[in-house]
Amino acid sequence: MNLLRAVTACALAVPLFAQQPPVPAPATTDAESVERPETPAEKKQRLIDQVRRLEEEMTFLRNVESGGGLLANVKQRLADRTLSPEQINDPGGGRVTANAVPPGTTHLPAAPTPKKARLLGDEEKKNLPAGTIFTVDGLPVTETDFQQLYSYLRSVPGGMSEDETKTQTIEALVRRKAAEATFPDGAAKARDRMVQIQQRLNNGEEFATVAKATSDCPSKEVGGDLNFFGRVGMDTHFTAAAFGLKDGEVSGPVETTFGYHIIKRTGFKKGDNANADQVRCSHILAMFSDDQMAVRNVQNKVNSATVDLAFVSEDYRKLAPAMFK
């Protein structure tokens with residue numbers, strides 16, 4: 001399995017900004033639909049489909065805008081369009097409008113208001129774990145979490161300043177914690193599965209055998225093998241863990257924006273510099289949710305700054321990612 005297929009199949013690398021626009025369903029032009037008028041049921045379905053397409057367009061534009069797009073004017077024109085240009089009689093009685101539009105509503109709900117990074121209040125700080133530096137939707141991130149990832153990012157050439165690297169570290173941690181906060185039950189189940197998976201590995205079962213039996217990634221068909229990959233393209237936490245292993249070494253549970261992984265490093269290629277280095281790994285994945293679209297949408301929440309990011313001190317808040325300022 002090459003890197004592109006592995007990344008696509010396992011959803012380890014996700015476009016965090018603009019997404020592809022939805023493709024409208026093709027219009028039907030069969031003879032029957034031309035020769036006879038629409039029935040009430042067909043007319044109702046046509047209106048529902050029209051509204052859904054408009055909702056998809058609005059979702060796309062919001063995602064593009066949250067990633068830095070400049071489509072505000074187009075978005076406004078869409079927002080001003082009436083979603084239910086007409087109502088139809090429901091044979092069952094009463095009048096109905098297209099699905100997902102509240103009665104009396106003619107426009108899509110406004111996009112959530114971005115939230116600025118804030119400071120935690122005294123009461124909020126009382127029950128936090130020692131060493132907490134900020135929270136994401138109430139989940140704590142500690143100084144230890146920060147330093148582990150920061151050390152890796154500082155070791156990679158890139159021309160970023162110390163503060164820029166700290167901001168990049170905070171953003172990666174925010175993305176990870178936002179996913180965990182969105183799927184609390186799924187995260188708990190994934191952690192429990194990791195305990196069971198580790199036990200099987202500790203009992204001597206082959207990594208590939210356990211991957212085929214337990215992993216949520218399609219790479220399980222080849223024993224979890226992801227082939228060679230570099231430092232760009234994968235989830236930051238996954239990459240940091242993979243490059244931190246030695247050949248043949250197996251990690252403990254590694255949390256990413258998609259779930260928990262156990263990673264086995266199986267090879268290394270030295271590049272001309274650290275950015276050109278490549279590792280080969282196999283992994284076992286326990287996802288937070290089997291709905292990959294829902295998992296991906298968490299990152300749109302981060303892009304649009306609609307998660308609650310709260311810091312213990314101003315020293316860290318000033319390093320918050322740009323979308324939270």
Side-chain angles (χ1 to χ4, degrees), residues 7-24 51-79 83 99-101 107-118 134-139 141 149 167-187 190 216-217 232-239 255-260 285 287-310 320-325:
V7 169
T8 302
C10 302
L12 291 175
V14 179
L16 299 179
F17 297 98
Q19 298 181 354
Q20 294 299 314
V23 179
V51 172
R52 285 176 176 166
R53 287 195 294 273
L54 287 171
E55 289 176 324
E56 289 172 354
E57 291 174 10
M58 286 295 293
T59 298
F60 166 65
L61 290 176
R62 285 173 183 154
N63 291 341
V64 171
E65 186 178 57
S66 69
L70 300 175
L71 300 179
N73 291 335
V74 179
K75 176 184 174 183
Q76 187 60 50
R77 288 199 298 272
L78 276 175
L83 292 185
N99 199 23
V101 180
H107 295 82
L108 282 174
T113 303
K115 301 178 182 179
K116 292 185 178 181
R118 63 184 181 89
F134 65 88
T135 63
V136 181
D137 285 341
L139 293 185
V141 175
L149 190 58
T167 296
Q168 183 183 11
T169 303
I170 291 172
E171 181 174 338
L173 290 164
V174 169
R175 293 187 182 282
R176 190 186 83 185
K177 283 296 181 181
E180 183 182 346
T182 301
F183 306 103
D185 293 338
D216 291 333
C217 178
V232 178
M234 294 291 198
D235 180 281
T236 304
H237 304 278
F238 189 93
T239 304
E255 184 182 357
T256 70
T257 56
F258 295 94
Y260 289 93
L285 169 63
M287 290 192 71
F288 291 144
S289 171
D290 57 6
D291 185 346
Q292 287 197 15
M293 184 57 67
V295 174
R296 290 169 182 264
N297 282 341
V298 174
Q299 302 311 314
N300 291 331
K301 290 172 57 180
V302 177
N303 295 339
S304 57
T306 53
V307 299
D308 180 43
L309 177 58
M323 66 278 272
F324 291 96
K325 293 183 175 178

- Task: Apply side chain to side chain donor-acceptor pair (under 3.5 Å) to Thr236 and list each qualifying residue two or more places apart in sequence or on a separate chain.
- Result: none
- Message: Could you check whether atom NZ of Lys116 has more than 12 heavy atoms from other residues, nucleotides or ligands sitting under 6.0 Å from it?
- Response: no
- For Asp308, all residues meeting salt bridge (charged side-chain N to carboxylate O under 4.0 Å, His left out), sequence neighbours excluded: Arg118
If only atom types and distance count, is the side chain of [X] paired as donor or acceptor with the main-chain N or O of [Y] below 3.5 Å?
X: Asp137; Y: Ala181; result: no
X: Thr306; Y: Lys301; result: yes
X: Asp291; Y: Ala294; result: yes

Under a 4.5 Å cut-off applied to non-hydrogen side-chain atoms, are [X] and [Y] in contact?
X: Tyr260; Y: Leu285; answer: no
X: Glu180; Y: Val136; answer: no
X: Val298; Y: Thr257; answer: no
X: Val302; Y: Pro321; answer: no

- Pairing residues for Ala305 by the side chain to side chain contact (heavy atoms under 4.5 Å, CB included) criterion, not counting sequence neighbours: Pro114, Met323, Phe324
- Query: So how far is it from Leu139 CG to Leu173 CG, rounded to the nearest 0.5 Å?
  - Reply: 12.0 Å
- Glu255 vs Arg176, side-chain contact (heavy atoms from CB on, under 4.5 Å): CA-CA, chis, key distance, verdict: CA-CA 7 Å; Glu255 184 182 357; Arg176 190 186 83 185; 3.7 Å; yes
- Which of parallel (below 30°), tilted (30 to 60°) and perpendicular (above 60°) describes Phe288 and Phe183? parallel
- Item | Chi angles and distances behind the side-chain contact (heavy atoms from CB on, under 4.5 Å) call for Leu149, His237 | CA-CA 7 Å; Leu149 190 58; His237 304 278; 3.5 Å; yes
- Before giving the answer on side-chain contact (heavy atoms from CB on, under 4.5 Å), spell out for Thr167 and Ile170 the whole-Å C-alpha distance, their side-chain angles and the decisive distance to 0.1 Å. CA-CA 5 Å; Thr167 296; Ile170 291 172; 5.6 Å; no
- Ionic contact status for Arg175 with Glu171, cut-off 4.0 Å: yes
- Report the C-alpha separation of Lys177 and Val307 in whole Å, then their side-chain angles, then the decisive distance to 0.1 Å, and conclude whether the side-chain contact (heavy atoms from CB on, under 4.5 Å) test is met. CA-CA 10 Å; Lys177 283 296 181 181; Val307 299; over 6 Å; no
